[in-house]
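Residues: numbered from 1 along the sequence shown. When a ligand or atom number is given, it counts from 1 through the structure's own listing order.
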Amino acid sequence: MAKLEDVKGIGPKSLSLLNKIGIFTIDDLVSHYPFRYDILERNDLGKVQDGEKIIIDGKVESVPILMRFKAGLNKMNFRLVTQSGVVGVSIFNRAFLKNQLSVGTGITVIGKLDKQKNVITASDIKMDLLSNSVKIEPVYHCTSGLTNKNLSTYINLALLMFGKDIVDNIPEEYIDRYHFLNKKTSLNIIHNPSTMEKLKEVTIRLKYEELFEFMFKINYLKQMNKKKNNGLERVIDREKIHEFIERIPFTLTGDQLKAIDEILQDLEAPHRMNRLLQGDVGSGKTIVAFMGMYANYLSGYQGALMAPTEILAVQHYHSLQEFLKGTKVKVALLTGSTPKKDKNAIYKGLKDGSIHMVIGTHALIQDEVEYHNLGLVITDEQHRFGVHQRANLQNKGRKPDVLYMSATPIPRTYALTIFGDMDVSTIRERPKGRQKIETFVKKTSEIKDVLEMMLKELKSGHQIYVIAPLIEESENSDLTTVNELKEQMKLAFKDYYQIDIVHGKMASGAKDLIMEQFKNNEVQILISTTVVEVGVDVPNATTMVIFDADRFGLSTLHQLRGRVGRGTSKSQCILISDSDAERLQIMEREDDGFVISEEDFKLRGHGDLFGTKQSGDMSFKIASIKNDYKILLQAKKDSKEYLLNKDTDQDELKQRLIHSISIKES
Ligand code: ADP
Ligand code: MG
């Protein structure tokens with residue numbers, strides 16, 4: 001297999017830049033798709049204003065004159081004949097083009113026109129004069145030191161040198177059925193489209209392939225799971241479970257009891273549990289998961305609980321210890337910031353079985369962690385663990401049962417597709433005595449009212465979350481930033497209340513410290529980007545204020561709102577926005593996450609079922625589960641048919657797809 005370094009022009013420096021943006025293989029490189037296209041329409045010299053951008057075709061009229069400056073810089077001047085007249089062209093640092101720019105050569109010049117001097121200062125010269133009047137230019141995600149142009153060059157060189165190795169991951173019969181182009185050609189077109197029609201055609205082709213692979217894997221995992229006796233069969237002392245439930249200081253809801261029962265049945269059964277536990281924020285999934293952990297312990301096995309962030313891991317650790325008070329269960333916390341010494345002790349304890357339960361981030365399932373007898377793995381916030389992680393868990397020698405928790409309600413049709421390999425337990429019923437979170441949509445001009453509402457809450461001893469979409473000012477955006485808000489809030493509440501910030505770019509230690517202070521009510525106003533979205537539990541926080549609320553999908557807003565209303569006091573959520581009122585008003589009316597996710601789904605363009613935090617293979621390179629739902633359904637149907645087709649058991653593609661599930665880790 002060719003490596004990135006084998007592509008001409010990619011040296012150690014560009015290699016590390018490519019790695020930085022997640023490109024490690026030739027395959028990653030050629031599937032680094034443009035995130036948009038610039039459509040370059042040709043103009044006339046006469047129609048372009050002074051100092052404006054111009055794209056113009058013409059023929060070189062004079063031999064380019066090259067000037068060289070210090071530090072390797074150079075400049076080239078020549079005249080260009082165009083349909084709308086003759087114009088001077090000057091371009092920096094393209095000395096290497098000199099020989100190609102012989103008199104009479106047709107080129108396209110892109111640059112800025114100086115009308116006075118009748119000169120275009122060119123930013124680019126295209127040697128491949130196209131016949132049509134529109135040029136479609138791919139725009140890639142870049143990084144400093146790696147330009148759009150570099151990427152385009154590397155991608156095209158890779159396609160040229162190694163294109164012959166590119167294989168189709170769609171069975172031939174479907175390629176024929178849909179009249180698809182082959183993958184190599186499709187890639188060539190998506191990186192160098194000549195017309196919008198062609199671009200659209202291959203985009204569909206590439207999306208289909210991605211979704212076909214995805215659905216094939218889901219269908220395959222489902223098939224594997226249905227094989228009997230692939231799990232642990234154990235005896236669970238239901239008597240003890242009931243005793244334990246009696247001791248919980250509140251009454252479990254019917255849905256919670258049902259979910260617990262479904263989990264117990266899975267644990268007892270000889271097949272492996274592969275279950276999704278979904279329920280709105282605050283619906284009480286955690287206690288259900290803990291009951292599963294306890295039952296697993298009673299049956300003589302170790303359990304692991306994975307959280308997506310360190311903050312959550314710590315929180316779960318404390319709640320689990322509280323939950324298990326009075327038992328002999330030994331629980332450990334293992335995260336990135338666990339000191340080496342403690343880590344080694346935990347590894348040892350997990351290996352010899354003296355530790356019964358471990359909580360941590362997903363380091364827990366990495367290969368160096370050895371378990372005495374791992375019987376159950378629970379992952380919180382399921383959508384962060386993609387198919388490969390799911391498969392990875394199942395590949396672990398000891399076949400633990402697996403439970404995924406998700407607080408992102410998903411429309412049923414959807415769930416059946418992307419979580420089609422799992423059984424689902426749903427908690428819809430809310431714990432008794434929960435109050436509805438009052439929700440208000442406000443305009444920025446009503447900020448005074450908002451501050452007054454906040455002050456009232458602060459005066460009665462409660463705490464407040466304030467959310468903004470951005471951390472820092474950015475040139476091309478006037479969105480609210482957390483830094484800005486901190487200043488504003490300080491002006492409004494200074495000296496009386498402590499105000500602090502957390503955001504995703506902070507070191508995790510610093511973040512945890514501030515979260516801890518917020519938990520202890522040493523900070524009263526916590527300003528943040530959406531990092532608080534996931535699972536944080538501070539019952540004394542009663543108010544959630546979200547700036548630029550129109551920037552967030554309804555499901556995200558709902559998740560954020562779920563951070564309040566966790567205690568006994570009345571809670572409120574204030575959405576600040578000057579636009580999109582109609583959509584935001586859904587939030588005033590609705591408090592059922594499932595209904596909101598359906599609405600979100602219907603509204604399409606605005607929906608964000610998965611927020612922005614997709615990871616692993618739930619984030620597709622070109623397809624979007626939301627926008628390409630029709631293609632997804634077709635791919636689901638086709639991949640299932642293909643998987644079940646007995647004749648293709650020795651099929652090379654099938655083997656390759658199956659193999660890719662078990663070797664890939666992310
Ligand atoms: P989730 O994980 O589903 O977002 P949690 O499990 O964190 O929700 O539960 C939210 C809060 O509700 C916790 O403080 C929990 O102790 C409490 N709780 C859970 N179930 C019940 C219940 N049946 N009755 C009252 N309170 C409950
Ligand atoms: Mg939770």
- Item | Short N or O distance, F250 and ligand 1, threshold 3.5 Å exclusive |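 So ligand 1 has no N or O lying under 3.5 Å from an N or O of F250.
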
- Task: Using distance alone, with no hydrogens and no angle criterion, decide if N296 and R234 have a side-chain donor and acceptor under 3.5 Å apart.
- Result: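 Per modelled atom types, N296 and R234 side chains form a pair under 3.5 Å.
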
- Do you know which two heavy atoms are closest between G292 and I263, and how far apart they sit?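 Between these two residues, the closest heavy atoms are CA-CG2, 4.2 Å.
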
- Message: Taking Y404's backbone N and O only, do any of them form a donor-acceptor pair with S406's side chain (distance below 3.5 Å, no angle check)?
- Response: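 Not confirmed, S406 side chain does not pair with Y404 backbone.
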
Would you mind listing which atoms of ligand 1 come within a distance below 4.0 Å of any non-hydrogen atom of [X]?
| X | answer |
| --- | --- |
| S283 | 3 (O), 8 (O) |
| T253 | 23 (N) |
| T251 | 22 (C), 23 (N), 24 (N) |
| D280 | 3 (O) |
| T286 | 2 (O), 5 (P), 6 (O), 7 (O) |
| R566 | 4 (O), 7 (O) |

- Task: For G279 and ligand 1, answer yes if some heavy atom of the residue is under 4.0 Å from a ligand atom, otherwise no.
- Result: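 Per 4.0 Å heavy-atom rule, G279 does not contact ligand 1.
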
- Message: Heavy atoms only: which of E322, K285, R430 lies closest to atom 3 (O) of ligand 1?
- Response: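 Looking at heavy atoms only, the winner is K285.
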
- Task: Between Q256 and ligand 1, find which residue part has any heavy-atom pair under 4.0 Å and reply side chain, backbone, both or neither.
- Result: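 Looking at Q256 and ligand 1, just side chain atoms fall under 4.0 Å.
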
- Test: R272 and D401 ion pair at under 4.0 Å: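 Salt bridge between R272 and D401, a charged N being under 4.0 Å from a carboxylate O: no.
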
- Looking at Y371 versus Y301, is the centre-to-centre ring distance below 6.0 Å?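 Not under 6.0 Å, so no.
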
